[in-house]
Every structure is written in structure tokens, then in C-alpha cells.
Protein chains: 2
Amino acid sequence: MAATIKDIAKLAGVSTATVSRVLANKSAFFSEATATKVHAAATELGYQKNTAAAELVTRHSNVIAVVVNSTKTNFASQIIEGIQAEAHQHDLNVIILYAGDADPVQQRRALMTVIERPVMGILLLSVDLAPENLTLLQGSQVPYCFLSISFDGERLPYITSDDWQVGYQATQALIKQGHRRIGLAGVDSDFHTGRQRVLGYTQALKDAGITPEDEWVQLGNYSYDAGQTAMRAYGAQTELTAIVGASDMAAIGVMNQARDLGLLVPADLSIVAIDGTELCSLVQPQLTSVSQNFYEMGIAGVQQLRSTETLPQKITPIKLVNRQSVRMLKAE
Amino acid sequence: MAATIKDIAKLAGVSTATVSRVLANKSAFFSEATATKVHAAATELGYQKNTAAAELVTRHSNVIAVVVNSTKTNFASQIIEGIQAEAHQHDLNVIILYAGDADPVQQRRALMTVIERPVMGILLLSVDLAPENLTLLQGSQVPYCFLSISFDGERLPYITSDDWQVGYQATQALIKQGHRRIGLAGVDSDFHTGRQRVLGYTQALKDAGITPEDEWVQLGNYSYDAGQTAMRAYGAQTELTAIVGASDMAAIGVMNQARDLGLLVPADLSIVAIDGTELCSLVQPQLTSVSQNFYEMGIAGVQQLRSTETLPQKITPIKLVNRQSVRMLKAE
DNA sequence: GCACTTTGCACAAACGTTTACAATGGCTTT
DNA sequence: AAAGCCATTGTAAACGTTTGTGCAAAGTGC
């Protein structure tokens, strides 16, 4: 049905080899005259290249696959924008796959559709790969790199913020405003990222001479619901004067639940969010945040894929962005 | 490097044809004994199928490509979830491509990477294709369907909400609460979708015996900024008592700007948003919305791709969801 | 006018699969 | 024992490209 270079060759009266070279613009290999003939034939037939066939013989592809976990996280789009920008610079194309939220079956499906085709590399956006799927990935010979997630024991390539610092700085920002009883809401302790944030948080308190109570840390999965649940656990009579939300969503969950409990933000309760996506300036009051540089993470990700370095574990910078959800506390 | 069926064939002492048959599980064509041999060899070699090669000969693929415009719209994820759910039912895989926000070059890039490879169909999420890119798409022989966007003259397959109804019902919801001076903010009049919403809005007013002023409709691109700008245009002294936001984002923009102008929502100003994504319940007050059924749009999209019907223009239902941003107005 | 170098092109193999067709051998049927 | 059938397997062509090799014609220098 669709035209192939064979059809073009016939129509232009040359060989397929010549057609291929003209179309690939390997300029040393053909004359102007044949080139015009070939181009004319190509447009006449409405030729569409079959890249899959080409990739089969060249054994090399120019598409980067991005695997995203589909939790209701919202920073993905920022990372993807970074990825796209850098990829396009180098004439690479980007495809995105959703792997379910920690669902090994869906993860496998996404991984498979990508591994079975020629892709130049795989970027995994904060996906906690099930062990069997990690094996699959590693066995596939395709370069890969994790983004916005880190690992403990395993030696895996990843690019992320310093999560310990994230926890530390968020907490410290509150301490500097005079807060001393500070919660941490919606953080996950099953994975390295979450554990690091808790450690940073704890250390910041200790450095200020504060001993955190166990109930100050409410675990969760970074979601809006996790934030709400955490705030409900703290309760309207909480001794806390400030809370670090484990993500923007969690922070919003905390804030909305606090309001439902009759607490005003920041008058009664200060909040610092972690992530710093546009969500923070959408809500009211706007959330002060420890912001990650997701865009740069994306850029670094494709650079890593393009380089041959074996084990990069790059750290991208963070910064505190003051908005409206923290108030200065008078000395008690 | 990577093992092929040829290697397996050698190791198992059979032909590649047999290997292919065993691996594809064409059960009528081989014995148990050879099957086990083949499988053993395959796992020993860590075989990874090269789907691209297979698709080359079978001339048929099982991946659906979804092209998304990267405006800061947030309903995309809901549609994609619908697409994935339905696709997986039928053993189809989904890949997602970002086409820039109305940038023909990026659109072309996305389209190309998809057309040049074997895909089973293309779904376009609210992307306003530049004319030349539309031609490209149509010339590609690949089935396609637009989602969450509609067209005027051209006979194109699309699935969307009834945008006239969307405009009508949003406006009517406010009229029913006693409002008579109602704005429409952030809507785009360059495309069919936006024009229909304006028409629905206008008709609803007329049906209530209200003659809308020109300034009541503030055009824009559905973004947060568009909402803010619109509200700024209305001003603090606006005669309007209610505003329809052209999207969730636009509505939030309106709301936040209104607050900055000293207007309380819904006490001084009522708002109805269009879309009804989770954003509506994240902000404070929660936004009453005319909600679209994005999930179902996704499902319908892949059904359309699977069917052979040529020109489907399906309408998905909408519904009014009451939250907290509209107040009943006393008769004046 | 000869040997030599370019230039421009065609031939054919290769990439990793699937599948139509043919071939083999054992079993059943008569 | 011949004939036919079935189950299992192999042979080889095909998919649409790219690219190494080789060959003819044209151009160059003597």
C-alpha cells in the first residue's frame, strides 16, 4: 500500500541504494540530477519512511523512552519538558509510557513495550521498580537512568535532589521562623527517598536542640489523601505549630484538612511544601516550598543517557521559595 | 550481541521457524518436547524479542500513540487513564508524545516519530493541528481520532463533550441561582470548541431574557494566566456577580485574582469552572464545575480506533457538580 | 592515446522476524 | 502392503531499509 523506496527507485529509474542515499542526504554519493528525480518521485508517491525497518539494519535508534509512574504527582511534566528540550537539541525523540502506581504488572507491560523495540535509552521518573522488573531492565542492554528517586544499597544510576537536604532545609526554614514543634506529613519510609527526608528532618530538629516526638512524623504516599490523613491524625488540638508536607499535594491535603479542623494557615499553622511545582502558587495561601529543579533533572537525564559514564549519581540543586504559608513565631 | 531466534534455534537444535512458532505459542504446530527445549534455550540466552522486526513482516502493530499538547491543561491524565484501561483490555500498548503548545514544528516532530513507525492508531488530545500537519496525518494511512476537541467544516473524527451544552449549562447553573450579570473568562474563539462554548453561554443568557454585554466575554487560552487577565479586565468594581471560567485553570486564575482585588468568592462573586478535574476540589473554596467525562473519552477513543467506522463524532456526557463557589443571589 | 583517478550508480547482503509451502515419518485404513 | 492422513519440522521468501563492494563512464595528467 504505502510507497517504499523500491517504488521510488522504479519511478525514478534508479536503484534503491541511490534512493536511500539521496533521502538520507549522503551528499557525496549522488548527482544533483538524480537527487531531483528521486525527490520528485518521493513526493509524487507520498513516500513515508519506515523507520522501524531502517532501525533494524542500523541497529540504533533515536528515541528516548520515559517511564512515568502514574501517581497523582504533578512534577512529571516539568521533568518531561527538560527531557524534551535536551533531547530535541540532539535530534532525539521522546516517547512516554505510564507504568501503574507501584503495580508490577503494569510496570512490566510498559518496560516490555519499550525493551522489545529499539530505543536509545530509558528514563524512569520516580518509579519504584519491582525487583523482577529491575532484573528485566538490567538484562535488556538498554542504557537507563532513574530520575527523582534514589537508592540505597544497589548501585544504580540516578539523578535526584539531595533528599536529606530537602528534609533538612524544609525543617530548618520553619525553625528559623521560631517554630519548634514541627511535623512531617505524608512521607514514605519504604524507600530511600522518603527515609532520607525523614533523616534530614530529624537532624534539623536535633541541630536546633529539639527532640522530635514519634507522632510528629506521619507516613503516607505523598498524595493529597496522605496529607489529609496526616492532618486528621494530628488533630485540631495539635501541639504542632508547623508542618512539612512531603510533597506539594500532601501539603495541600494538610492545609485543606487543617482548615476543615478550624485551623488557619499560616496564623495557627505554618506549612512548607516539598517540590515547588506551580500548584504551590495556585492555592491560597500560596505555599512556601523547598523547590526541586525538575527541569534540570530532565536535562541531566538525557545527558546521562548520551554519555558512556557507567554509574552517575547526580544531584540537582534545591532552593527555598518563600510564599505565604509560613509565619514568624514569637518566642514563647 | 543480543540473542535472536537464530541463536535459540542453534542451541535447541531446531529451525528458526519452530522457535518462532513455539515463542508465539501457535500450539497446533509443535510438540511438548521441542517446546521445552526451545524455552530452555531462550531463557538460557536471555532472549529478548525484537518486536520491530516482527512488526515489519506482519505489518501490524499493537501500539496506540497518544499525542498531547503540552499546555498546562491537566485533564490529559484522566483521558490517558481511560485510554490505557481500554487498550490493555485488548492487549494494546500505549505510548504518549508531547506536541508543543500550538507549535507546528513540535507537532510535526511528534507526528513524524509516530507515523514513521508502525502504530495501530493515533489519538490526539485537544491538539489544534496546523493545516500542514493535518495533511501529513491524513496522508499517513494510520487511523486517528481527535479527543476533547471538535471541528467545524472539516469532516474529521473526534470525540468530545457537547461544547455548546457545556457553555449553556455552566451559565444556566448560575442563572438558576439568581445571577443575571455573568461573565465568561479565558475562552478561545479561534477554534470550534471555544466558539461553541460562547454560543451556549450566550443562548443561556438569552433564554433567560438577558442581553449580554460584549465585555462580559474575555477571551484567552484557557490558562491560569488567561483567567487572571480576564478578572483584571473586569476589575474590582465589576457589575458581574458571577463568572464562568473556561477551564479549571482559568477559573482558579479568576478566583485568585478576584481575591487580590478584594472580592470574596462566593460572597461577592460566584464562579463555575469548566472541566471538573481534581483541581476543583483542591482549591478553596472548592469550585462548582461543569464536569466532562474524560475517562470515558479515552475509552471511546480506543474503541473508535479499533472499529472500522469512518467518521465517528461521538459526544460524551457532562454533568454539573455543585461545590462551594456559587452562592444563591437574592432577587435584587 | 594511455594509465590513472574520480564520480555516480547498481548489486546484493544484512538486520530479526513470520509464515506459506514442502518434506518427513508414523499411524490408520482398507 | 499400498494409500492416505496427521503431526511435526524445515526451507526459504518476505517485510523496508542501509551500506560495503564493484563497475562503468567520465575526467585528468602525461
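Keep in mind it's a predicted model, so treat the numbers as computed, not measured.
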For this session: With salt bridge (charged side-chain N to carboxylate O under 4.0 Å, His left out) as the test, would you mind laying out the steps for E86(A) and R306(A) before giving the verdict?
Result: CA-CA 11 Å; E86(A) 181 70 9; R306(A) 283 168 36 84; 5.1 Å; no
Rounded to the nearest Å, what distance is computed from the [atom1] atom of residue [X] to the [atom2] atom of nucleotide [N]?
X	N	atom1	atom2	value
I5(B)	dA14(C)	CD1	C1'	15 Å
K6(B)	dT17(C)	NZ	P	9 Å
I8(B)	dT18(C)	CD1	C1'	14 Å
N25(B)	dT19(C)	CG	C1'	16 Å
E55(A)	dT17(D)	CD	P	12 Å
L23(B)	dT19(C)	CG	C1'	15 Å
K10(B)	dT17(C)	NZ	P	14 Å

Pairs: protein N or O with nucleotides 8-11 of chain C N or O, under 3.5 Å:
| residue | atom | partner | partner atom | Å |
| --- | --- | --- | --- | --- |
| dC9(C) | OP1 | S31(A) | OG | 3.4 |
| dC9(C) | OP2 | S31(A) | N | 2.9 |
| dC9(C) | OP2 | S31(A) | OG | 3.3 |
| dC9(C) | OP2 | T34(A) | OG1 | 2.8 |
| dA10(C) | OP1 | S15(A) | N | 3.4 |
| dA10(C) | OP2 | S15(A) | N | 2.5 |
| dA10(C) | OP2 | S15(A) | OG | 3.0 |
| dA10(C) | OP2 | T18(A) | OG1 | 2.8 |
| dA10(C) | N6 | R21(A) | NH2 | 2.5 |

Determine yes or no for a side-chain-to-main-chain donor-acceptor pair under 3.5 angstrom, with [X] supplying the side chain and [Y] the backbone.
X	Y	answer
D275(B)	T277(B)	no
R117(A)	T113(A)	yes
N25(A)	S27(A)	no

For this session: Give one of base, sugar-phosphate or nothing for Q48(A), where a contact means two heavy atoms less than 4.0 Å apart.
Result: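 Touches sugar-phosphate only.
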Would you say [N] has OP1 or OP2 under 4.0 Å from some side-chain N or O of [X]?
X	N	answer
R59(B)	dT18(C)	no
K26(A)	dT19(D)	yes
S20(B)	dT18(C)	yes

For this session: Looking only at non-hydrogen atoms, find the nearest pair between A99(B) and V67(B) and report the distance.
Result: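 Reported closest heavy-atom pair: CB-CG1, 3.8 Å.
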Problem set entry | Cationic N near anionic O, under 4.0 Å, R108(B) to E132(B) |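 Here R108(B) does not pair with E132(B) in a salt bridge, since their nearest N and O are not under 4.0 Å apart.
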Exercise. Nearest to the side chain of L56(A), which nucleotide is it out of dT18(D), dC15(D), dC15(C)?
Worked result: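 Comparing dT18(D), dC15(D), dC15(C) against the side chain of L56(A), the answer is dC15(C).
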Exercise. Which residue, T58(A) or A53(B), contacts DNA chain D at a nucleotide closer to its 5' end, judged by nearest heavy atom?
Worked result: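 Looking at DNA chain D, the more 5' nearest nucleotide goes with A53(B).
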Exercise. Taking the six-membered ring of F30(A) as reference, does the NZ or CZ atom of R21(A) fall below 6.0 Å from its centre and within a 45° cone about the axis?
Worked result: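 So R21(A) doesn't make the cation-pi contact.
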